Engineer: 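Structure below; questions to follow.
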Amino acid sequence: MTILLLGSGGREHALAWKMLQSTYCSQLFVAPGNAGTATIATNVDLNPNDFPAVKQFCLDHQVAMVVVGPEDPLVNGIYDFFKNDPTLAAIPVIGPSKEGAQLEGSKEYAKQFLVRHNIPTARYESFTPETVDQGCAFLETLTAPYVLKADGLAAGKGVLILSDLEEAKTELRNMLVHAKFGTASAKVVIEEFLSGIELSCFVLTDGKSYKILPTAKDYKRIGEGDTGLNTGGMGAVSPVPFANAEFMEKVETRIVKPTIAGLQQENIEYKGFVFIGLIKVGNDPYVIEYNVRMGDPETEVVMPRLQSDLVDIFTAIAHQKLDEIELAIDPRSATTIMVVSGGYPEDYEKGKVITGLEIVTDSIVFHAGTTIQESQVVSNGGRVLAVTSYGETYQEAIKKSYQNIAKLHFDKMYFRKDIGFDLF
Ligand code: AMP
Ligand code: GLY
């Protein structure tokens, strides 16, 4: 079948790589894709949020399935757009409905859902510009650090964690009254701070049943030792060594089951990935956030460990037959290290020629921000390459990735040299 994958990052290169291993995938288009997807599939110059253009492409090319990588087309309602158009209704979209995508599109919606279904999460209240004074009063009832979250999508930047009460009040005003994150911060969720170690749990659902994919841990800060600014993710490890069977049993009974049951009870259509950001407090899991797509760079370690046919799984999801699928998972560890442009996540330069890609052995290089210019692969984003390796242990996998990164070069390239440091 012909499949259209929407997106352009390392996540999409990894999804494309995995789908192309399927005998059911005869042609794969990636819109817009990157230099990595161009080598294995056909890139299409299409904006994933331009639904009429996506529609025309699907009709012109007999696309039989649409797989959505990033969150914004989902939050903008691409699932419903297909479902409600008679010419498109037969083409399954892998992703949640617009309503389901609110789990990521609105922090307040997600918190209300969690509370309604008794799923462990940090205590919270939400505020608007009209209730900013009550927000300041609520901050006074909490102890530092203070967690402020813009309600809407803010490209991963909308969460502030502040140690000083006065600063927290000032930032609350900046968000609500001075639109620090634009309309995304017209509402702010203030949350109790949870102290623990984070990990992510990925779930596939067809709206009726679910399958839990391998866990992963990503490294969000730019600097070694988890310091400095937040990024999209600087590396990832799967499985997460501390997420043992006993802990995962708690995750499944306390979080995954009630999440899927909650979607069903509320008649929220959901045929896709649920990415549950967790924090382990003591020995108990709490939900930090939901995302309605796979993580990046977590996909670059989760997909390499999935042995089952991904297109077969997506087809089962589309027909609500996921319960008939048995997932096979590679027991080895997989790790990925992100190679980024110097300056990221602040200003950085693009268009740097990347060399050494052809001499990488024993690792898979997933492209994130790359493009082809005058037949050369050049950088085209902050996060440029994700170098993934397998190992009997995560330490062995990490070592292989670093050995291969040493063969790569572009001007001002940077990567963290301590991925996995907190797992020893
Ligand atoms: P989010 O976008 O909701 O995932 O938040 C971004 C990051 O902020 C998370 O990955 C956590 O590191 C941190 N964070 C969010 N909420 C909390 C919380 N309630 N307690 C502690 N850390 C948090
Ligand atoms: N790596 C975190 C995310 O994809 O949101």
Side-chain angles (χ1 to χ4, degrees), residues 7 9-12 14-15 68-72 74-75 103-111 114 119-126 139 142-163 168 175 181 184-185 188-202 213 215-222 226-238 240 273-281 284-303 336-338 340 345 366 368 382-383 386 416 419 422:
R11 167 183 49 216
E12 286 73 25
L15 288 171
V68 187
E71 63 278 11
D72 35 341
L74 296 166
V75 173
L103 286 179
E104 177 164 0
S106 163
K107 300 270 187 205
E108 187 189 38
Y109 180 97
K111 294 298 281 191
L114 287 160
I119 300 170
T121 191
R123 201 160 57 87
Y124 83 104
E125 279 190 35
S126 54
L139 282 171
L142 301 173
T143 48
Y146 304 95
V147 183
L148 308 183
K149 298 186 174 185
D151 178 62
L153 290 184
K157 299 195 175 90
V159 176
L160 300 181
I161 299 184
L162 305 157
S163 49
M175 289 169 89
F181 299 107
S185 64
V188 171
V189 167
I190 302 180
E191 232 174 69
E192 163 196 31
F193 181 83
L194 297 176
S195 182
I197 187 161
E198 287 177 60
L199 71 153
S200 301
C201 170
F202 299 94
L213 287 163
T215 53
K217 181 175 189 338
D218 93 339
Y219 290 81
K220 288 205 172 84
R221 303 296 193 96
I222 189 72
D226 284 344
T227 53
L229 294 174
N230 254 321
T231 70
M234 295 295 291
V237 175
S238 176
V240 180
F273 293 101
V274 193
F275 163 168
I276 312 178
L278 298 172
I279 188 160
K280 180 172 177 254
V281 183
D284 295 316
Y286 287 77
V287 175
I288 289 277
E289 65 167 344
Y290 285 116
N291 293 306
V292 298
R293 45 154 179 104
M294 278 301 287
D296 192 355
E298 293 92 329
T299 311
E300 291 93 303
V301 291
V302 171
M303 285 303 135
T336 199
I337 316 287
M338 267 288 175
V340 309
F366 292 116
R383 295 193 295 170
R416 266 181 68 167
I419 297 305
D422 53 346

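No experiment lies behind these values; they were computed from the predicted model shown. Remember, it's 1-based here, ligands and their atoms both numbered in the order they're listed. Side-chain atoms are counted along with the backbone in the values below, which use heavy atoms only and exclude waters and symmetry mates.
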Engineer: Does the side chain of Lys149 come within less than 4.5 Å of Ser126's, by heavy atoms?
Structural biologist: no
Engineer: Got a second to check how far Glu300's CD is from Arg11's CZ, nearest 0.5 Å?
Structural biologist: 8.5 Å
Engineer: For the atom pair CZ (Phe202) and OG1 (Thr299), what is the distance rounded to the nearest 0.5 Å?
Structural biologist: 6.5 Å
Engineer: So, taking the atom named CD1 in Ile288 and the one named CD1 in Ile279, what distance separates them when rounded to the nearest 0.5 Å?
Structural biologist: 4.0 Å
Engineer: Going by side-chain contact (heavy atoms from CB on, under 4.5 Å), Ser200 matches just one of Glu289, Glu298, Lys217. Which one?
Structural biologist: Glu298
Engineer: Would a distance-only check, ignoring hydrogens and angles, find a side-chain to backbone donor-acceptor pair under 3.5 Å from Glu104 to Val292?
Structural biologist: yes
Engineer: Who are the residue neighbours of ligand 2 when the rule is a heavy atom under 4.0 Å from any of its atoms?
Structural biologist: Asp218, Gly232, Phe275, Arg293, Gly295, Asp296, Pro297, Glu298
Engineer: Between Asp226 and Arg416, does any side-chain N to carboxylate O distance fall below 4.0 Å?
Structural biologist: yes
Engineer: Please answer whether the main-chain N or O of Gly152 pairs with a side-chain N or O of Ser106 as donor and acceptor at a distance below 3.5 Å.
Structural biologist: no
Engineer: Show the protein residues that qualify under the rule heavy atom under 4.0 Å from an atom of ligand 1, listing them in chain and number order.
Structural biologist: Lys107, Ala122, Val147, Lys149, Val159, Ile161, Glu191, Glu192, Phe193, Leu194, Glu198, Lys220, Ile288, Glu289
Engineer: Got a second to check how far Leu278's CG is from Ile197's CD1, nearest 0.5 Å?
Structural biologist: 12.0 Å
